[in-house]
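What's counted below: heavy atoms across the whole structure, side chains too, no hydrogens, waters or symmetry copies.
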Amino acid sequence: NNLQVGGRNIAIGTSVPKENSRNCDYHVSSVAFETVDYTVSFYAKARKNEKASVYLNDDSGTARVYMMFSQEFSLTEEYQKFTFTKKNDKKYSGDVNKIMIRIYGKTETDNTISVKELKLEAGNKSTDWTPAPEDLASAESQEKAEEALEKATNNETTITSAMTQIEQLSDSISTMV
């Protein structure tokens, strides 16, 4: 039995669907790409039928393909789920912070492709979409920042109200004297 289940999403920023005229790119977390199977799964569609490919790309200026998952597949106007598994034949020797996964539209220039729930994981079995741990940390930080902003805004309102009352009381005292 050669079943390998990864589970951890290596792709970052997959919580929000992406749309672009030519391709959708996702950076990956800082993990070493070992010589094991990797599975990418996602939902995708295009405004017009489109041929596309999916691959890991070295984005360090050379724009070379590091690992091709699929030479070509067809996007339609409705979301479809795609899953591709590929054995990584070579250990990546470059900067892992420069690796990104790209879904690339190949034929139509006047088109929009949409991708959602992308998951890149070690193993040869696709699992349900989950955000990368880095995305959860970002979402938690964003939530805390929004809570802090709301508290600051409430405090500003309270202070402004108190200052108005003090000014009114001051004017009232001046009028009595």
Please examine the side chains of [Y] and [X], heavy atoms only from C-beta on, and report whether any two atoms are closer than 4.5 Å.
{"X": "N9", "Y": "D135", "result": "no"}
{"X": "I101", "Y": "Y55", "result": "no"}
{"X": "M100", "Y": "H27", "result": "yes"}
{"X": "N20", "Y": "T112", "result": "no"}
{"X": "Y43", "Y": "L118", "result": "no"}

Salt-bridge contact R8-E134 (side-chain N to carboxylate O under 4.0 Å): yes
Gap between atom [atom2] of [Y] and atom [atom1] of [X] - 0.5 Å precision:
{"X": "Y26", "Y": "K18", "atom1": "OH", "atom2": "NZ", "answer": "5.5 Å"}
{"X": "D37", "Y": "K86", "atom1": "CG", "atom2": "NZ", "answer": "10.0 Å"}
{"X": "R102", "Y": "N23", "atom1": "CZ", "atom2": "CG", "answer": "4.0 Å"}
{"X": "Y104", "Y": "D25", "atom1": "OH", "atom2": "CG", "answer": "11.0 Å"}
{"X": "K125", "Y": "T85", "atom1": "NZ", "atom2": "OG1", "answer": "9.5 Å"}

[X]: which residues meet the side-chain contact (heavy atoms from CB on, under 4.5 Å) condition with it, sequence neighbours left out?
{"X": "E77", "result": "N49"}
{"X": "S41", "result": "K81, T83, K119, S126"}
{"X": "A44", "result": "F42, L75, F82, V115"}
{"X": "S74", "result": "K51"}

Under a 3.5 Å distance rule, please check whether T39 uses its side chain to pair with a backbone N or O of E121 as donor and acceptor. no
May I ask you to decide if K106's main-chain N or O and E50's side chain share a donor-acceptor pair within less than 3.5 Å? yes
Give the intermediate values and the outcome of side chain to side chain donor-acceptor pair (under 3.5 Å) for residues T14 and E117. CA-CA 6 Å; T14 64; E117 297 181 17; over 6 Å; no
Going by the rule side chain to side chain donor-acceptor pair (under 3.5 Å), which residues pair with S114 if we only count those two or more places apart in sequence or in a different chain? E19
Who are the side chain to side chain donor-acceptor pair (under 3.5 Å) partners of S15, not counting sequence neighbours? none
Compare every heavy atom of D110 with every heavy atom of R47, then report the nearest pair and how far apart it is. NH2-O, 3.1 Å
Indicate the ring-plane relationship of F73 and F84, choosing parallel, tilted or perpendicular according to the 30° and 60° boundaries. tilted
